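Report on the structure given below.
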Amino acid sequence: MESILVLTHVDESGSALSRASLEAVTAGKELATRLSASLAIGIVAADADAAATSLATTGARLLAVSGEVFSQARYSTDAAACEALCRSAQPTLVLAPSSSRFARVAAGVSHRLGGVIDTHITALGGTDSVEGSRWFYRQRVEAVLSRTARPWFLLLDAGTHAPFAGAPGPVSIQPVPVDPPAPRTTVAGFRTPSKDAETIRPDAEMLFVAGAGWTKKQSDGKVHADEAGHLITDFLHASGASLGSSKSLVDQGGEGQPVLPFLTHMNQIGQTGATPRHAKGLSTCCHGEEPHVVGWRFINDRRAISLDPNCGWTRGKADVVYVADAFKVMARVNELLEKGKDSF
Ligand SMILES: Cc1cc2nc3c(=O)[nH]c(=O)nc-3n(C[C@H](O)[C@H](O)[C@H](O)COP(=O)(O)OP(=O)(O)OC[C@H]3O[C@@H](n4cnc5c(N)ncnc54)[C@H](O)[C@@H]3O)c2cc1C
């Protein structure tokens with residue numbers, strides 16, 4: 001009989017579980033129900049009491065490692081906390097969010113427990129057994145993994161489960177004592193770019209992709225890179241969308257051609273770029289070629305604006321294609337957003 005432990009940690013507020021942790025809770029609950037397995041949830045926080053109230057309706061046994069030293073992400077203390085939670089709960093299956101905080105300690109913790117680990121899990125299946133799915137070769141091949149070794153650690157990719165959202169209530173928490181190793185790292189503070197400077201937004205509802213067409217000569221024979229930059233940043237500002245790019249557009253800076261200054265290779269979507277998860281995607285001035293579209297695998301509703309009625313998007317790669325001038329369309333969309341009329 002399996003027993004499940006979900007490892008969680010708090011977000012920057014310190015008093016609520018991170019979204020990825022709540023997704024892992026959903027996965028744990030579903031798996032426990034399907035396998036008729038016991039469910040425990042372990043929390044790592046300076047003070048777990050406030051965060052734990054959101055788990056009142058899970059019906060799970062709650063354990064927590066608390067203390068000021070656990071408020072910051074740090075390998076030594078996070079690994080010690082997770083190890084202590086695992087030793088206390090003695091699970092056969094450990095689910096954890098693939099957050100930067102847990103992704104770096106999970107393999108070490110699994111090793112300390114004599115367990116095995118798989119990362120980038122996107123789904124948990126199987127009827128009587130546990131099967132973890134993950135993608136290989138740039139999201140082209142999906143593998144379904146099962147293992148007999150226990151404990152089996154499964155790091156869950158963010159955005160693959162709905163975050164658990166039960167009514168908060170009083171809870172009973174079992175404190176798990178940890179003698180933390182003397183920290184060699186201290187966190188001096190956080191420096192984050194302003195909201196507008198940060199264009200890659202994994203939690204955004206929509207992915208907006210800019211293609212090389214934005215910096216190509218337009219019908220008047222001229223390049224309008226400045227106007228393109230304003231249209232794109234205005235749209236990102238009004239919609240909160242995440243910004244992606246085709247490879248051609250980010251590459252052409254190296255060729256001395258006009259580029260959009262806020263784009264880097266980090267924005268690139270595709271076979272040699274990122275494969276983000278968003279509910280909707282809008283591609284603009286981009287041809288929709290296969291190596292680019294590979295990165296759209298996890299975009300549910302795909303739309304594109306291209307002048308070319310024969311582009312890859314119109315050949316079955318998008319759900320809706322607007323054969324139109326993206327400069328005009330986005331100017332109108334921005335106008336409507338400015339007026340507060342969400343028209344799409
Ligand atoms: C091994 C390999 C890996 C690759 N990996 C990637 C990858 O990870 N990601 C990636 O993106 N590419 C990748 N590529 C490159 C990919 O094949 C394409 O060359 C690239 O995606 C094309 O970019 P684009 O559509 O922006 O540019 P273009 O092909 O130049 O298309 C520009 C489009 O903009 C349209 N357009 C111009 N003006 C307007 C306007 N005013 N309104 C509307 N539309 C307009 C044009 O009609 C045209 O369709 C890879 C290629 C190889 C060989």
Side-chain angles (χ1 to χ4, degrees), residues 120 135-141 199-202 206-236 239 241-278 280-299 302-337 343-344:
H120 291 295
W135 295 81
F136 288 97
Y137 184 43
R138 287 274 166 197
Q139 327 294 345
R140 281 170 184 255
V141 179
T199 58
I200 299 171
R201 302 164 179 161
M206 180 190 278
L207 171 72
F208 177 90
V209 169
W214 281 109
T215 56
K216 295 273 166 68
K217 280 184 185 160
Q218 294 300 306
S219 52
D220 59 1
K222 292 181 186 153
V223 168
H224 297 270
D226 283 351
E227 186 187 346
H230 287 301
L231 285 171
I232 293 168
T233 47
D234 285 355
F235 177 73
L236 296 179
S239 66
S242 187
L243 178 63
S245 170
S246 71
K247 182 166 161 50
S248 292
L249 182 54
V250 284
D251 276 355
Q252 67 188 26
E255 307 296 328
Q257 294 177 39
V259 282
L260 301 173
F262 43 83
L263 280 172
T264 73
H265 280 96
M266 296 296 287
N267 295 91
Q268 187 190 313
I269 306 297
Q271 182 187 342
T272 46
T275 313
R277 290 167 194 275
H278 298 276
K280 298 177 183 179
L282 178 63
S283 160
T284 54
C285 294
C286 167
H287 189 78
E289 287 194 45
E290 177 67 13
H292 173 78
V293 175
V294 164
W296 286 64
R297 188 173 288 267
F298 300 122
I299 307 296
R302 304 168 178 199
R303 300 191 180 201
I305 309 170
S306 176
L307 283 176
D308 182 359
N310 269 321
C311 74
W313 296 115
T314 55
R315 291 168 179 258
K317 301 248 167 55
D319 301 301
V320 179
V321 181
Y322 307 96
V323 179
D325 182 342
F327 281 82
K328 288 187 183 147
V329 176
M330 293 316 296
R332 178 75 179 130
V333 168
N334 286 345
E335 209 178 288
L336 292 171
L337 284 172
S343 64
F344 53 95

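Just so you know, ligand 1 is whichever comes first in the structure, and atom 1 is the first atom listed for that ligand. A quick note: this is a predicted structure, and the numbers were derived from the prediction, not measured.
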Fill in: Nearest-contact summary for atom 12 (N) of ligand 1 - protein heavy atom, Å
K247 CB, 3.2 Å
Fill in: Identity and separation of the nearest protein heavy atom to atom 26 (O) of ligand 1
S246 OG, 2.5 Å
Worksheet item: G273 heavy atoms, cut-off 4.0 Å: which ligand 1 atoms fall inside?
Response: 8 (O)
Discussion item. As a check for students: among D308, N310, V293, identify the option with a heavy atom nearest to atom 47 (O) of ligand 1.
Written reply: D308
Worksheet item: Are a donor atom and an acceptor atom from the side chains of W313 and S283 found within less than 3.5 Å of each other?
Response: yes
Response to the item:
Between the NE2 atom in H120 and the CH2 atom in W135, the distance rounded to the nearest 0.5 Å is 14.5 Å
Worksheet item: Please state which protein non-hydrogen atom is closest to atom 44 (N) of ligand 1 and give its distance, to 0.1 Å?
Response: L307 N, 3.1 Å
Practice prompt. Please report the shortest heavy-atom distance between S246 and A212, naming the atom on each side.
Written response: OG-N, 3.6 Å
Discussion item. Salt bridge check, K317 against E290: does any charged N sit closer than 4.0 Å to a carboxylate O?
Written reply: yes
Discussion item. Tell me the contacting part of E289 for ligand 1: side chain, backbone, both, or neither, using a 4.0 Å heavy-atom threshold, strictly below.
Written reply: side chain
Discussion item. Side chain or backbone, does S245 bring an N or O within less than 3.5 Å of an N or O on ligand 1?
Written reply: no
Worksheet item: Where's the contact between L249 and ligand 1, heavy-atom distance under 4.0 Å: side chain, backbone, both or neither?
Response: neither
Fill in: Atom pair OG1 (T199) and CG (N267), whose distance is rounded to the nearest 0.5 Å
4.0 Å
Discussion item. So if I count the atoms of ligand 1 from 1 in the order they appear, which ones are less than 4.0 Å from some heavy atom of K216?
Written reply: 30 (O)
Discussion item. So, 4.0 Å and heavy atoms of A324: is ligand 1 close enough to count as a contact?
Written reply: yes
Item to complete: For atom 7 (C) of ligand 1, grab the closest protein heavy atom and report residue, atom and distance to one decimal in Å.
Response: Q268 NE2, 3.1 Å
Practice prompt. Identify the two heavy atoms, one from P309 and one from L307, that lie closest to each other, and give their separation to 0.1 Å.
Written response: CD-O, 3.2 Å
Item to complete: Might you check, step by step, whether the distance between atom 22 (C) of ligand 1 and some protein heavy atom is under 4.0 Å?
Response: yes
Worksheet entry | Value rounded to 0.5 Å, distance of CD1 in I305 from SG in C311 | 11.5 Å
Item to complete: Mark up the atoms of ligand 1 that fall under 4.0 Å of a heavy atom belonging to S248, in ascending order.
Response: 19 (O), 20 (C), 22 (C), 23 (O), 27 (O)
Practice prompt. For S306, take its heavy atoms, then give the atoms of ligand 1 lying under 4.0 Å from any of them.
Written response: 43 (C), 44 (N), 47 (O), 49 (O)
Item to complete: Could you tell me the separation between the CG atom of L263 and the CG atom of L243, rounded to the nearest 0.5 Å?
Response: 5.0 Å
Response to the item:
In terms of heavy-atom contacts, P276 and L207 come closest through CG-CD2, 4.1 Å
Worksheet item: If you count the non-hydrogen atoms of other residues, nucleotides and ligands that lie under 6.0 Å from NE2 in H230, is the total more than 12?
Response: no
Worksheet, complete the sentence: closest protein heavy atom to atom 4 (C) of ligand 1 is P291 CB, 3.4 Å
Fill in: Nearest neighbour in protein (non-hydrogen) for atom 27 (O) of ligand 1
A212 CB, 3.4 Å
Worksheet, complete the sentence: Logged contact type for C311 with ligand 1, heavy-atom cut-off 4.0 Å, is neither
Response to the item:
Closest non-hydrogen contact found for W214 with T284 is NE1-OG1, 2.8 Å
Worksheet, complete the sentence: Note: ligand 1 atoms sitting under 4.0 Å from heavy atoms of I269 are 7 (C), 8 (O), 9 (N), 10 (C), 11 (O)
Worksheet, complete the sentence: So the atoms of ligand 1 within less than 4.0 Å of a heavy atom of H287 turn out to be 24 (P), 25 (O), 29 (O), 31 (O), 33 (C), 49 (O)
Worksheet entry | Gap between atom CD1 of I232 and atom SG of C285 - 0.5 Å precision | 7.5 Å
Worksheet item: Heavy atom under 4.0 Å from ligand 1: found in E290's side chain, backbone, both, or neither?
Response: neither
Discussion item. Using heavy-atom distances only, which candidate in C285, G211, A304 approaches atom 32 (C) of ligand 1 most closely?
Written reply: C285
Worksheet, complete the sentence: Numbered in order shown, the ligand 1 atoms found under 4.0 Å of a heavy atom of D325 are 40 (C), 41 (N), 42 (N)
Discussion item. I need the S239 OG to N334 CG distance, nearest 0.5 Å.
Written reply: 8.0 Å
Fill in: Protein contact to atom 6 (C) of ligand 1 [nearest heavy atom, distance to 0.1 Å]
T272 OG1, 3.3 Å
Response to the item:
For atom 38 (N) of ligand 1, the closest protein heavy atom turns out to be Q218 NE2, 3.3 Å
Item to complete: Measure up the F208 and F235 rings against each other and bin them: parallel (under 30°), tilted (30 to 60°), perpendicular (over 60°).
Response: tilted
Worksheet item: Is there at least one pair of N or O atoms, one from F327 and one from ligand 1, spaced under 3.5 Å apart?
Response: no
Worksheet item: Which atoms from ligand 1 have a heavy atom of A326 less than 4.0 Å away?
Response: 40 (C), 41 (N), 42 (N), 43 (C)
Worksheet item: So, do H278 and S242 sit near enough that their side-chain heavy atoms are less than 4.5 Å apart?
Response: yes
